[in-house]
Amino acid sequence: MNQPAVQTNHIKACLFTLIIYMRDDRRKDYFHELVRMIIEKFPCRIILIEADPNSTKEYLEQQASEESIETGDVVISCDQFFIKAGGKMSARVPFVVLPLVVPDLPVYLLWSEDPTIENEIFNAIRKIAPHIIFDCDVLESMPAFSAMLLKKSQEFPNDLVDMKWVAIAGWRNVLAQTFENAECIQQLTNAKSVKVHYNAMQTGFCQHTHTQATYLQAWLASRLQWAFVKRTEDEQAIWLTYKSPKQNEVVVELLKEQHGNLQPGMIVQVEIVCHNGVVYELTRRERLPMVTVHISSDLECFLPFNIPLPNLQRGISFMKEVFYATNSEHYKQMLQLLSKLGSS
Amino acid sequence: MVFDNPLEEHVRASAKVADPCILVIFGATGDLTARKLMPALYNLARDGQLPAHFVCVGFARREKTNEQFRKEMHEAVNKFSRVKPVDENLWTNFSQQLFYHQSEFDTDEGYEKLRNLLQGFDASFGTKGNRVFYLSTQPSYFPDITARLSKHGLIYPTKETASWSRVIIEKPFGHDLASALELQDTITQYLNESQIYRIDHYLGKETVQNILVLRFANTIFESLWSNSHIDHVQITAAEDIGIGTRGSFWEEAGMLRDIVQNHMMQLLSLVAMEPPNSLQANAIRNEKVKVLEAIRPFPAEEIDLHAIRGQYAPGFVNGKEVKGYREEDNVARDSSVETYVALKLFIDNWRWAGVPFYLRAGKRLAKRATEIAITFKNAPGLLFQTPQNRNNPNVLVIRIQPDEGVSLAMNCKIPGLPSPLLPVKMDFRYGSYFGITPPDAYERLICDCMAGDSTLFARSDEVMASWQLFTPLLRHWAEKRPQFPNYVSGSWGPVAADAMLARDGHQWRLL
């Protein structure tokens with residue numbers, strides 16, 4: 001439990017150990033910000049590993065520090081360890097990590113590299129971390145990632161969480177609330193077209209901006225039992241064609257937009273046109289954590305309504321989903337579908 | 001047939017889905033709406049917990065426009081919300097769902113207009129005919145409001161329509177057993193038990209909910225949770241403030257009715273209940289009511305040895321001079337209303353036979369603190385007990401407010417020789433571990449009501465069992481004029497309360 005530190009009202013707190021792995025310092029700033037955000041909500045021991053087994057230099061360095069957060073009149077501090085290794089010395093990293101793990105508390109591993117690339121550090125650490133979080137922005141191939149993850153989920157007992165999957169939880173909820181009855185689901189299942197607009201503005205730490213949009217459409221397709229037909233792509237958009245259970249063609253379009261005020265990859269709008277002419281337009285509100293839903297047809301136009309969209313890029317909802325969500329059957333089914341798609 | 005939405009994944013048991021609905025607050029110009037209800041609704045909206053299709057209507061007697069009501073509520077949220085400052089964009093959006101309806105509580109016309117208004121909202125906001133009526137008025141209006149809601153088709157019998165209607169009733173539910181039974185009889189002419197949500201905001205507090213988790217998700221505590229290992233239990237609800245502007249209310253109520261009969265009995269029943277079969281509302285409430293029914297009635301001849309009342313005299317709280325109760329506004333100069341209650345209770349069942357439960361609640365005490373302290377029996381033998389060295393009992397403390405958390409006191413050897421023992425504390429604080437402002441109790445309870453979960457609301461038999469216990473005491477007190485005031489503001493209460501514990505070889509914990 002708490003260990004009183006030197007200062008009055010200074011508390012050392014720890015809910016779990018979080019091990020973060022990155023191969024190089026490309027996304028270091030991003031992870032530092034993430035760490036800060038995590039310990040503000042959930043104080044924990046952080047072990048940050050920067051290790052490149054392919055480096056020609058051989059080194060192993062270790063630093064310890066303390067990160068403090070002020071909440072009212074209490075200062076809460078968390079241990080932070082930074083391990084840097086290169087070349088063959090990388091193999092020693094798990095042995096450095098092991099004694100640093102806080103006993104009796106959960107251990108999380110945030111793997112920020114492409115897990116399809118074999119890495120002995122991953123194989124060693126995943127045995128002590130029952131909960132593995134992937135950040136699949138670094139993926140070279142989404143079908144390969146999906147297939148690998150499905151395989152791993154059968155091989156390992158670990159809980160697997162994907163940060164991009166978590167990031168679309170708000171939109172999944174919005175769609176579930178919009179299509180809340182059997183009639184609406186029927187319309188959606190037999191949709192003619194689905195357009196997903198997303199923010200394609202890249203940053204240094206986010207290059208694969210289409211991931212969230214790809215996930216959202218794949219989740220819809222897997223839930224509605226659409227069968228994948230083909231995939232095409234140009235500079236502005238990605239097209240995916242499916243067949244609905246009634247053999248209707250459903251064309252999904254992932255459309256790039258540029259929004260400086262939104263985080264890269266965020267979904268901006270979803271537009272669904274059904275075969276009976278009903279159009280569902282779901283638009284992210286500016287400056288408000290909400291989506292406005294507008295339903296119309298040739299004959300009628302309903303009053304728009306808002307559905308809350310929790311901020312799942314950061315903040316407490318994100319943390320709860322990342323750290324406390326268990327394996328999702330929807331996620332697994334989406335991966336199964338994605339593993340069959342052509343290269344994305 | 002139940003529709004199973006393929007887009008919904010029910011993996012999180014805690015995630016409650018509130019149905020589309022309209023919340024009508026009766027007494028919307030009152031203090032509770034401004035201080036608690038509206039900030040709770042705003043924070044629910046902020047956290048994305050309100051249903052997408054939602055409207056709130058304030059129902060009160062004063063003339064007011066929608067715009068005036070929204071402006072006043074905006075000020076209230078700015079002042080009382082747990083999260084500040086108010087997000088203006090969010091407020092603008094949220095306030096579009098706020099409306100005001102002016103009417104007397106006892107005229108049919110206002111209810112007829114309300115029905116039309118709500119039906120209009122169903123069409124424009126998609127609220128599907130679902131209703132929550134929050135009765136935040138004087139209790140004397142409860143029967144009339146319920147009757148008129150029924151008469152005008154605003155509350156519907158369950159199972160006859162797809163839409164639902166629920167009523168949240170603020171405390172006090174009656175002022176003794178007879179009045180509580182009468183109120184129950186009246187409102188159940190129009191509502192069945194599943195539609196009645198008797199709110200006790202203590203049950204919405206995070207730490208109170210954690211009592212069940214602490215007890216039933218941790219084997220180390222539950223295996224010690226009985227008269228074999230527990231010496232006694234102390235439950236304290238202390239406030240350093242006085243009655244403030246609530247003189248008229250307090251003169252009618254008093255501490256026993258305001259705090260002890262409801263809040264403290266809820267805490268006691270959660271601490272003492274047997275493990276429920278499930279976490280379903282009725283499973284938990286069945287166990288709670290068994291505890292209340294097992295409490296030994298006050299012995300008629302020794303009632304004053306088991307129940308102490310007090311009233312605060314002038315004194316000093318935190319170094320500031322404060323008035324006595326009889327000097328407060330709207331209080332009789334010779335009032336015999338109690339502002340302090342201390343009780344010794346026994347629960348006559350297998351688990352708790354012989355374990356005293358000491359309860360105390362008071363105004364103008366030394367500090368604000370609500371807690372449950374479980375004092376374990378002393379370790380057997382005298383291994384470490386010498387005239388210079390006392391073996392202190394282990395005490396498990398569940399702090400409800402402020403500084404919510406759990407601590408365990410245990411004995412430890414001081415390093416070096418000779419080795420006297422010292423009590424040390426393992427301390428868990430919510431605020432330190434979870435950098436989250438916990439939701440206010442009203443947020444949780446309103447959300448639960450909209451989702452149809454009555455677990456954290458008091459059931460009628462719980463309320464009646466509590467009144468059954470306290471009505472003879474109230475009668476006894478009414479017959480006997482007390483020597484008031486009998487404790488100084490800023491102290492820990494009357495000497496008689498200390499003496500009650502001293503007779504058993506115990507003492508109140510110094511908080």
Side-chain angles (χ1 to χ4, degrees), chain A residues 1-2 4 11-15 39-43 69 71-72 74 76 170 172-182 184-185 188-189 219-220 222-225 285-291 293 302-303 305-311 316-317 319-321 324-331, chain B residues 1-15 17-20 44-55 87-94 96-97 121 123-128 402-403 405-408 424-439:
Chain A
M1 285 205 173
N2 298 340
I11 292 164
K12 189 170 274 186
C14 180
L15 287 167
I39 62 174
E40 269 178 19
K41 308 291 178 196
F42 300 128
I69 302 292
T71 58
V74 179
I76 301 162
R172 284 187 274 131
N173 182 46
V174 165
L175 284 162
Q177 285 198 50
T178 306
F179 298 93
E180 53 158 11
N181 57 48
C184 291
I185 285 291
L188 178 63
T189 307
W219 167 71
L220 265 183
S222 64
R223 298 312 305 154
L224 302 169
Q225 292 167 3
R285 295 275 298 265
E286 271 188 47
R287 294 190 296 274
L288 268 181
M290 282 179 185
V291 169
V293 182
F302 297 94
L303 271 180
F305 57 91
N306 293 312
I307 299 180
L309 185 70
N311 184 353
I316 192 64
S317 308
M319 296 298 153
K320 275 187 178 167
E321 289 286 337
Y324 297 128
T326 49
N327 279 335
S328 155
E329 198 52 37
H330 283 207
Y331 180 58
Chain B
M1 201 174 73
V2 180
F3 168 64
D4 190 15
N5 190 338
L7 303 183
E8 269 177 10
E9 188 169 30
H10 307 284
V11 284
R12 285 165 296 160
S14 59
V17 182
D19 291 341
L44 285 172
R46 189 181 150 274
D47 292 344
Q49 300 284 318
L50 280 184
H53 306 275
F54 175 78
V55 170
D87 181 330
E88 292 303 327
N89 284 319
L90 188 63
W91 174 264
T92 307
N93 189 69
F94 171 69
Q96 299 309 305
Q97 297 160 286
F121 290 150
S124 53
F125 284 89
T127 41
K128 299 189 171 178
D403 200 14
V406 181
S407 72
L408 178 66
V424 293
K425 226 159 82 166
M426 285 204 294
D427 202 1
F428 163 76
R429 295 189 211 175
Y430 268 90
S432 306
Y433 272 80
F434 302 100
I436 307 161
T437 318

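This structure is a prediction, so every number in the text was calculated from the model and none was measured. Note on naming: letters A, B, ... go to the chains in the order of the sequence lines (proteins, then strands), and numbering restarts at 1 for each one.
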J.: Rounded to the nearest 0.5 Å, how far apart are NZ of K128(B) and CD of E180(A)?
T.: 3.5 Å
J.: Side chain, backbone, both or neither: which part of I307(A) has a non-hydrogen atom closer than 4.5 Å to chain B?
T.: both
J.: Take atom CD of Q96(B) as the centre, draw a 6.0 Å sphere, and report whether it contains more than 12 heavy atoms from other residues, nucleotides or ligands.
T.: yes
J.: Heavy-atom cut-off 4.5 Å, strictly under: side chain, backbone, both or neither for L220(A) against chain B?
T.: side chain
J.: Are the side chains of N89(B) and R285(A) in touch, meaning some heavy atoms are under 4.5 Å apart?
T.: no
J.: What pair of heavy atoms forms the shortest contact from G48(B) to P308(A), and how long is it?
T.: CA-CB, 3.3 Å
J.: Can you check whether L7(B)'s main-chain N or O pairs, donor with acceptor, with R223(A)'s side chain at less than 3.5 Å?
T.: no
J.: So which heavy atom on E9(B) is nearest to which on E329(A), and how close?
T.: OE2-N, 2.8 Å
J.: Between E8(B) and A176(A), what is the shortest heavy-atom contact and its length?
T.: CG-CB, 3.7 Å
J.: What closest approach, in Å, do P6(B) and H330(A) show between heavy atoms, and which atom pair accounts for it?
T.: O-CE1, 3.4 Å
J.: Less than 4.5 Å to any heavy atom of chain B: does that hold for the side chain of L188(A), its backbone, both, or neither?
T.: side chain
J.: What do the steps show when you test L90(B) against M290(A) for side-chain contact (heavy atoms from CB on, under 4.5 Å), and what is the final call?
T.: CA-CA 9 Å; L90(B) 188 63; M290(A) 282 179 185; 3.8 Å; yes
